[in-house]
Amino acid sequence: MSTTQRIKNIFKILSNIFFILIFIAFFAIIIYMAATGLFRGHEALEEEQSLITTQANYEKEFKTDGTSFDSPKVILNPYKNSPLTALVIFHSDKEIAPTIKVEGKDDKTSIAHSFKSGTDHLLPVYGLYADYDNKITISYEDSGETKSKEISIKTDPLPENIAKAEITTANKEQLDNSLYFFSPSSNSLAAAYDINGEVRWYLAQKTSWDNKRLRNGHILISTERVINTPYYMSGMYEIDLLGKIYKEYSIPGGYHHDYFEMPNGNLLVASDDFDSTNNTVEDYIVEIDRESGEIVKEFDLKKLIPTDNTGNENYSTADWFHNNSIWYYEATNSVLLSGRHADAVLSLDYESATLNWIIGDPTGWPESMQKYFFTPVGEGFEWQWSQHAAMVTPEGYIFLFDNGNNKSKNKENYISAENSYSRGVMYKIDTENKTIEQVYQYGKERGNDFYSPYISDVDYLETNHYLISSGGIVKKDGVPQNQPSSVTGANELLSDTVEIKDGEVIFEIKLNSNTYRAEKLSAYYEGENFELIEGKKLGHLAKSEPISIETGLLSGTKSIDNEYKKHNIELSKEEDRLVISGSFVKNSNLRAILTKGFEKRYYRFKVTNEMHAAMCISVFDEGADENAESIDITRYINAEGLDGTYNVYLEIGDTIYDTGKSVKF
């Protein structure tokens, strides 16, 4: 046999061995994949539509075809989240400027509004009564003659979780048909009441935090989507009273407590820096570009004042400041913040983000910080304690709600809740001479009946005309408490709001629930006209960082069994995140694993239900028993930075379960 032939034979043998090895390896991989569950089918999670996507479908029905002034289309609750509103739709052959009127139950409670001239009319109806045949009049002027059309709109009863009102004072000669809007703190819904205590508007979806009206007439509310416990929301909705969403702002650090509309339209927002290695909350403010939703400026309080200042009894290393309000004062280009846990109101220079001054008792603060504090002058002065809702009045005064917790930095001098009181208080400050004078207060004379250890609000309506809301009155078996209801287990909740004009209480409304903020607003804003504008989603959520990213096949997985089912696990897909909820043993190991091809992304979730001393709202509380062995939690993986379809696995304890689901980002 020639050398050439021998080489060919050797090559042939080696080729056969190679293909045999490939064949063996192929079957080994098949066996491995079968054993590890990689052949199991993964059903794609159906994506839940956002409210903005859903409302676009509703708006397809808002057409004037086949309608007229005499035969309008009437849609009650057109966006399915504002049950005491309607949309009246009709076409007119010539241009008319219609007026719509909702008949009130007395002369002071009718609500009317005139709209711009046109031929296709979409008229929002605000201020319907619940469980009532509402009389609506539409009219317009034609050659000196008034033409009118009367329609009736029947509404459903109120849901159980609407706070009930008691009106204790109403000087109707000094009141108008404005409504009193309340954002909830406890498990109730955002609602508005007239001067008779009748509910004239509410949102069916959960929301909270501030509810101020923007310059364009819209209102900013929180989304219903939590990004972190206990109450940090994904962002804000800009809505009208119909519940139509014009913009959704998603914010990486979420939203809590307050926002302020800047002169240029941008939004200063109380947020969080969850990526911070300090592991602190409620000490971070961002400025949001109104048109893009992107962050254009940041204020990090950890860099401005000591985090270990002499805080009050609610102080913790995590929630050391607890910023609960934001105000921008254009005259001095400054930002005003309220730190509940520091008993301090701060002024920051907007441009440099440096500290201007501090209002509060300076006791215990470092010597280096004393230069920022004021010296009291005048009679009857009292410092504020655990304050909320700090603002600057047109006169340049600092107006805030002084909750009055303990009334001392020293524990041995604490005043009990039974002997305490809350106030709306106004201070005049001299920033050159560093003096502070108390020029107004209301509430001390009310004693503990007006005492709110948390939340609450003040509003400046006009000169000598204020709204003061003691929204967090809590009692347990008749005894005033010094902590929120969710902490103390209080069984009596009250919100007491007074309207004061020229030193006289002209209106007082009490609700059988705690409320975060109160606003007095007209139902319609000046010049309001409804147009079908497409809702926009702006900004984005933060990127969910995996604890590790590995390459290779995932092994050792199990199919869903009875042990898995005990956890009552639910997986869902929103437009911008994966949602995982279930019941798990406290502090147990819980990880989500997303696989795509040979890529494995591991996400660790905390299984805790830490109690927060400053549970300002419990609207979105997971409601777990602090002492329970297993707790219900909901955790999220955001779409930011992910692309493609991923199979979803859950590691519970030391067992990796194949959920049988996949998610597409």
Side-chain angles (χ1 to χ4, degrees), residues 174 258 260 324-340 342-348 356-363 370-409 415 420-447 450-452 456-471 496-508 517-520:
Q174 298 196 61
D258 203 7
F260 189 90
N324 58 37
S325 73
I326 300 176
W327 191 272
Y328 173 78
Y329 188 39
E330 190 171 11
T332 58
N333 195 28
S334 59
V335 178
L336 195 71
L337 305 174
S338 166
R340 177 182 187 256
D343 297 320
V345 174
L346 310 185
S347 172
L348 309 181
N356 290 326
W357 46 257
I358 303 174
I359 291 177
D361 184 347
T363 300
Q370 294 295 318
K371 63 183 179 181
Y372 295 106
F373 287 87
F374 293 89
T375 299
V377 297
E379 297 181 358
F381 182 88
E382 294 181 43
W383 288 118
Q384 87 289 350
W385 308 95
S386 298
Q387 74 292 319
H388 284 76
M391 63 173 293
V392 186
T393 72
E395 299 92 344
Y397 299 152
I398 307 302
F399 192 22
L400 54 84
F401 190 90
D402 168 23
N403 293 81
N405 301 46
N406 301 318
K407 302 190 186 302
S408 177
K409 291 283 190 182
I415 292 176
S420 198
Y421 49 85
S422 297
R423 314 176 296 157
V425 64
M426 203 175 290
Y427 296 123
K428 179 181 178 180
I429 60 172
D430 181 338
T431 55
E432 289 189 12
N433 296 308
K434 280 292 191 295
T435 60
I436 183 168
E437 179 183 2
Q438 182 177 301
V439 295
Y440 175 81
Q441 79 84 34
Y442 174 88
K444 181 176 181 178
E445 63 277 22
R446 299 283 301 271
F450 202 67
Y451 175 57
S452 285
S456 306
D457 194 16
V458 295
D459 287 313
Y460 182 101
L461 303 178
E462 57 185 355
T463 304
N464 295 323
H465 191 184
Y466 317 123
L467 193 70
I468 300 175
S469 179
S470 187
D496 190 341
T497 301
V498 295
E499 183 177 350
I500 303 168
K501 187 173 184 180
D502 298 325
E504 176 193 353
V505 175
I506 62 172
F507 183 71
E508 182 167 11
R517 291 281 171 91
E519 299 288 334
K520 182 181 181 180

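Distance check: Asn403 CG to Ser386 OG gives 6.0 Å after rounding to the nearest 0.5 Å. Note that CZ of Arg423 and OH of Tyr451 are 13.0 Å apart. Values are rounded to the nearest 0.5 Å. From Asp502, atom CG reaches atom CD of Gln174 across 7.5 Å, with rounding to the nearest 0.5 Å. Rounding to the nearest 0.5 angstrom, the gap separating the OH atom in Tyr460 from the NE2 atom in His465 is 11.0 Å. Atom CG in Leu348 sits 8.5 Å away from atom OG in Ser334 (nearest 0.5 Å). One finds the CG atom of Leu461 at 9.0 Å from the CD atom of Glu519 (value rounded to the nearest 0.5 Å).
Residues Lys444 and Glu382 form a side-chain contact, since some pair of their non-hydrogen atoms from C-beta on lies under 4.5 Å apart. Using a 4.5 Å heavy-atom threshold, the side chains of Thr497 and Leu467 count as touching. Inter-residue side-chain proximity for Gln384 and Leu400 is flagged as met; some heavy-atom pair is nearer than 4.5 Å. At least one side-chain heavy atom of Ser422 sits less than 4.5 Å from a side-chain heavy atom of Phe401. Ile436 places none of its side-chain heavy atoms less than 4.5 Å from the side chain of Val377. Residues Gln438 and Glu379 are not in side-chain contact: their nearest non-hydrogen atoms beyond the backbone lie 4.5 Å or more apart. Between Thr375 and Lys434, every side-chain heavy-atom pair lies at or beyond the 4.5 Å cut-off. Side-chain contact between Glu499 and Glu508 is absent, with no heavy atoms from C-beta onward closer than 4.5 Å.
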Could you check Asp459 against Arg517 for salt bridge (charged side-chain N to carboxylate O under 4.0 Å, His left out), going step by step and ending with a plain yes or no? CA-CA 10 Å; Asp459 287 313; Arg517 291 281 171 91; over 6 Å; no

Between Tyr328 and Leu336, is a side chain to side chain contact (heavy atoms under 4.5 Å, CB included) present by the stated rule, with each step listed? CA-CA 6 Å; Tyr328 173 78; Leu336 195 71; over 6 Å; no

What's the verdict on side chain to side chain donor-acceptor pair (under 3.5 Å) for Asn324 and Ser338, showing C-alpha distance, side-chain angles and the deciding distance? CA-CA 6 Å; Asn324 58 37; Ser338 166; 2.8 Å; yes

Working note: Asp457 + His388, criterion side chain to side chain donor-acceptor pair (under 3.5 Å); need CA distance, chi angles, decisive distance, verdict. CA-CA 6 Å; Asp457 194 16; His388 284 76; over 6 Å; no

Please determine whether side chain to side chain contact (heavy atoms under 4.5 Å, CB included) holds for the pair Ile468 and Ile500, giving the CA-CA distance in whole Å, both sets of side-chain angles, and the decisive distance to 0.1 Å. CA-CA 8 Å; Ile468 300 175; Ile500 303 168; 3.9 Å; yes

Would Tyr440 and Val425 satisfy side chain to side chain contact (heavy atoms under 4.5 Å, CB included), going step by step from the backbone distance to the final call? CA-CA 6 Å; Tyr440 175 81; Val425 64; over 6 Å; no

Can you list the steps and then say if Gln387 with Val345 is a side chain to side chain contact (heavy atoms under 4.5 Å, CB included)? CA-CA 8 Å; Gln387 74 292 319; Val345 174; 3.8 Å; yes

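Outside the 6.0 Å centre-distance limit, the rings of Tyr372 and Trp357 are not counted as a close aromatic pair. Annotation: Tyr466 is in aromatic contact with Phe399 [ring centroid separation under 6.0 Å]. When ring centroids are compared, Tyr427 and Phe381 come within the 6.0 Å threshold.
Between the side chains of Asn356 and Ser347, at least one donor N or O lies within less than 3.5 Å of an accepting N or O.
Contact between Ser470 and Phe450 at its shortest, heavy atoms only, is OG-O, 2.8 Å. Annotation for Pro376 and Trp383: closest pair CG-CZ2, 3.6 Å, computed over non-hydrogen atoms.
A salt bridge is defined here as a Lys NZ or Arg NE, NH1 or NH2 lying under 4.0 Å from an Asp or Glu carboxylate O, and Glu395 with Lys428 fails to meet this definition. A salt bridge links Asp343 with Lys409; the closest basic N to acidic carboxylate O contact falls under 4.0 Å. Ion pairing of Arg446 with Asp496 is present here, as a side-chain N (NZ or NE/NH1/NH2) and a carboxylate O approach within less than 4.0 Å.
A side-chain contact (heavy atoms from CB on, under 4.5 Å) with Phe374 is found for exactly one of Thr435, Ile358, Ile429, namely Ile429. Put simply, the residue from Ile415, Asn406, Asp402 that forms a side-chain contact (heavy atoms from CB on, under 4.5 Å) with Trp385 is Asp402.
Of the possible donor and acceptor atoms, none in the side chain of Ser452 sits under 3.5 Å from a partner among the backbone N and O of Ser456.
Within a 6.0 Å radius of NZ in Lys371, no more than 12 heavy atoms belonging to other residues, nucleotides or ligands are found.
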